[in-house]
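Lettering follows sequence order; numbering is per chain, from 1.
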There are 2 protein chains.
Amino acid sequence: MSNNFYETEYETILTNNGSSKHVKTLKIIQSEVQSINRVALSVDCVIFGFDENKLKVLLIRSDLKKYQSKWSLLGDLVNPEEDIEEAAYRILLDRTGMDDLYLEQVHAFGHINRHPGGRVVTIAYYSLINVQHHKLKKLDNELHWHDVAEVKDLAFDHQEIFETCYKRLQKRVQEHPLGFSLLPNKFSLRELQNLYEAILGIKLDRRNFRKKFFAMDFLVDVGEIETNVPHRPGKLYQFDYDKYERMKKKWSGIDF
Amino acid sequence: MSNNFYETEYETILTNNGSSKHVKTLKIIQSEVQSINRVALSVDCVIFGFDENKLKVLLIRSDLKKYQSKWSLLGDLVNPEEDIEEAAYRILLDRTGMDDLYLEQVHAFGHINRHPGGRVVTIAYYSLINVQHHKLKKLDNELHWHDVAEVKDLAFDHQEIFETCYKRLQKRVQEHPLGFSLLPNKFSLRELQNLYEAILGIKLDRRNFRKKFFAMDFLVDVGEIETNVPHRPGKLYQFDYDKYERMKKKWSGIDF
DNA sequence: ATTACTTTGTGTAAAACTTACACACTGTTT
DNA sequence: AAACAGTGTGTAAGTTTTACACAAAGTAAT
């Protein structure tokens with residue numbers, strides 16, 4: 001047995017210490033890699049947004065007959081000369097017109113029959129965007145935001161992919177202050193808390209929530225208050241990304 | 001724009017509400033998936049073990065000329081009719097003779113030029129095994145255990161893959177009591193602590209470590225003590241996997 | 001302009017957890 | 001019998017988490 005994509009043809013070379021050794025020729029490796037053992041590779045993106053105090057996810061209508069009435073994630077095949085991550089960003093740009101976002105790889109899904117067109121392995125990514133800042137410019141295939149609580153029965157294995165990404169998001173949001181990308185530049189603590197409650201699916205104590213965030217010391221009071229609220233307006237804050245970047249090393253998460 | 005691997009040929013169908021709609025035919029999808037957009041897919045396994053109070057990783061010598069003197073991870077191409085995970089288990093079985101282990105997918109690596117033979121996307125898995133319980137039966141290409149602290153300059157992008165998996169292991173071992181698979185069935189608390197210190201790369205307070213583990217209440221005193229130690233022997237314990245499984249729901253990790 | 005209403009903003013005491021730390025015990029070696 | 005090496009145990013101080021209540025600020029209705 002051998003490795004790194006084996007073949008039976010070898011070339012003899014001299015090693016550092018003067019003895020000889022058999023190695024596989026590059027030509028052989030290339031033919032091996034380029035021949036039978038190939039699969040189609042795709043990327044699927046789970047794009048989360050936040051609107052009206054609900055966590056949303058961007059879905060598109062499948063136009064495959066088999067899944068004619070079902071929703072699906074934003075996905076496409078990876079080009080042979082394209083990095084996976086590059087493909088993920090391309091797909092998001094194509095489908096939503098956005099290029100300024102956070103994107104994290106989550107998992108590869110590769111069950112043999114997950115796609116009716118043949119073997120397609122897909123790499124799932126998720127992203128968080130601010131719904132208000134990124135109005136959708138393209139609405140092909142009924143692209144739009146769905147409440148995450150109501151996502152069910154997606155096409156292909158997209159339900160599983162969605163759920164895996166949602167769990168990952170819930171975990172990440174406790175490890176890093178990602179959520180700020182979903183809020184307006186200036187936000188009230190109530191908005192921030194609504195966001196965390198929506199993502200985590202739990203209620204949090206208001207006083208303790210405030211205490212925790214102030215203790216982190218990444219919020220900057222911008223000296224303004226909410227307008228157009230039918231009650232006492234709350235102060236507005238900004239997130240100090242620079243300070244967060246500087247503190248990142250010693251950061252190990254938020255505990256709720 | 002369309003989705004789920006687009007084509008320009010459509011078939012007209014009737015929808016539920018009686019209107020008509022154009023959908024892509026399955027035949028077209030299949031030809032799309034099977035034609036140009038395919039890549040070679042491989043799996044690489046990072047197998048951790050523990051021996052002589054050191055964390056080890058299993059490496060094999062590459063037999064590609066380009067990497068003639070370098071170590072590499074255990075990897076192989078995924079067969080077109082094989083699940084990715086299935087491939088990972090197959091590779092481990094082939095290379096080490098083992099089939100009773102934990103295996104977790106970590107990340108997909110897909111830079112275009114990561115393999116000299118052409119485009120190869122690889123999915124990385126890691127695993128933990130008990131070195132003593134699994135003597136290596138095959139030693140092709142100098143397969144053997146390397147101290148993780150001394151792993152460097154691996155073939156391909158395997159250094160990056162290794163480091164990603166190592167970080168993942170360090171994180172996971174604080175979230176779940178995985179480490180027990182690396183110890184003998186009956187172990188002393190000192191052995192357990194050595195293991196955690198080796199994996200995390202830090203020193204821990206002995207009294208607090210013991211307190212923490214006893215508080216979790218997954219250790220069963222088997223009423224035996226160490227033998228052949230040149231000092232007071234420690235008590236031996238077993239890990240109560242059943243109890244852990246039952247408690248798993250409300251489990252959120254070990255904090256050191 | 002007064003009142004009712006809604007949500008903001010704040011502090012504290014109790015409980016839980018984390019950390020740092022020292023000494024007697026048990027078996028082995030000399 | 002003495003030296004050695006590592007086990008086993010408790011506690012006080014500090015920190016973090018939790019639960020909880022009331023006055024203040026603005027809006028809306030009268």
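OP1 or OP2 of C:dG9 sits under 4.0 Å from a side-chain N or O of A:Arg210. Contact annotation: A:Arg207 does not reach the phosphate of D:dC20 (side-chain N/O to OP1 or OP2, under 4.0 Å). The phosphate of D:dG8 has neither OP1 nor OP2 within less than 4.0 Å of any side-chain N or O from B:Arg206.
B:Phe214 has its CZ atom 7 Å from the P atom of D:dT9, to the nearest Å. In this structure, NZ of B:Lys212 is placed 13 Å from C1' of C:dA20, rounded to the nearest angstrom. If you measure from atom CD of A:Gln193 to atom P of C:dT7, you get 13 Å, rounded to the nearest angstrom. In this structure, the CG atom of B:Asp205 is 11 Å from the P atom of C:dA22, given to the nearest Å. Atom-to-atom, CG of B:Asn53 to C1' of D:dG6 comes out at 13 Å; the value is rounded to the nearest Å. Between the NZ atom of B:Lys203 and the C1' atom of C:dA20 there is a distance of 17 Å, rounded to whole Å. Atoms CG (A:Asp221) and P (C:dT8) sit 15 Å apart, rounded to a whole Å. Going from atom CZ of B:Phe209 over to atom P of C:dT18 covers 14 Å, rounded to whole Å.
Checked for salt-bridge contact, A:Asp157 and A:Arg114 meet the test: a charged N lies under 4.0 Å from a carboxylate O. Salt bridge annotation for A:Arg90-A:Asp76: present, with a cationic side-chain nitrogen under 4.0 angstrom from a carboxylate oxygen. Remark: B:Glu197 does not engage B:Lys54 in a salt bridge, criterion side-chain N to carboxylate O under 4.0 Å.
Residue B:Asp217 is tested with B:Lys212, B:Lys211, B:Lys243 for a salt bridge (Lys or Arg N to Asp or Glu O under 4.0 Å); the sole match is B:Lys243.
Checking C:dT7, D:dT9, C:dT12 against every side-chain atom of A:Lys211, the shortest atom distance belongs to C:dT12. The side chain of A:Arg232 approaches D:dA25 more closely than any other nucleotide in the set D:dA25, D:dG8, D:dT27. Each of C:dT8, C:dC21, C:dT18 was ranked by its minimum atom distance to the side chain of B:Asn208; first place goes to C:dC21. Of the candidates C:dC21, D:dA28, D:dG26, D:dG26 carries the atom nearest the A:Ile225 side chain, counting heavy atoms from C-beta on.
The CD1 atom of A:Ile129 lies 7.0 Å from the CG atom of A:Leu101; values are rounded to the nearest 0.5 Å.
Between A:Leu236 and B:Val229, the residue anchored nearer the 5' end of DNA chain C, judged by the nucleotide with its closest heavy atom, is A:Leu236.
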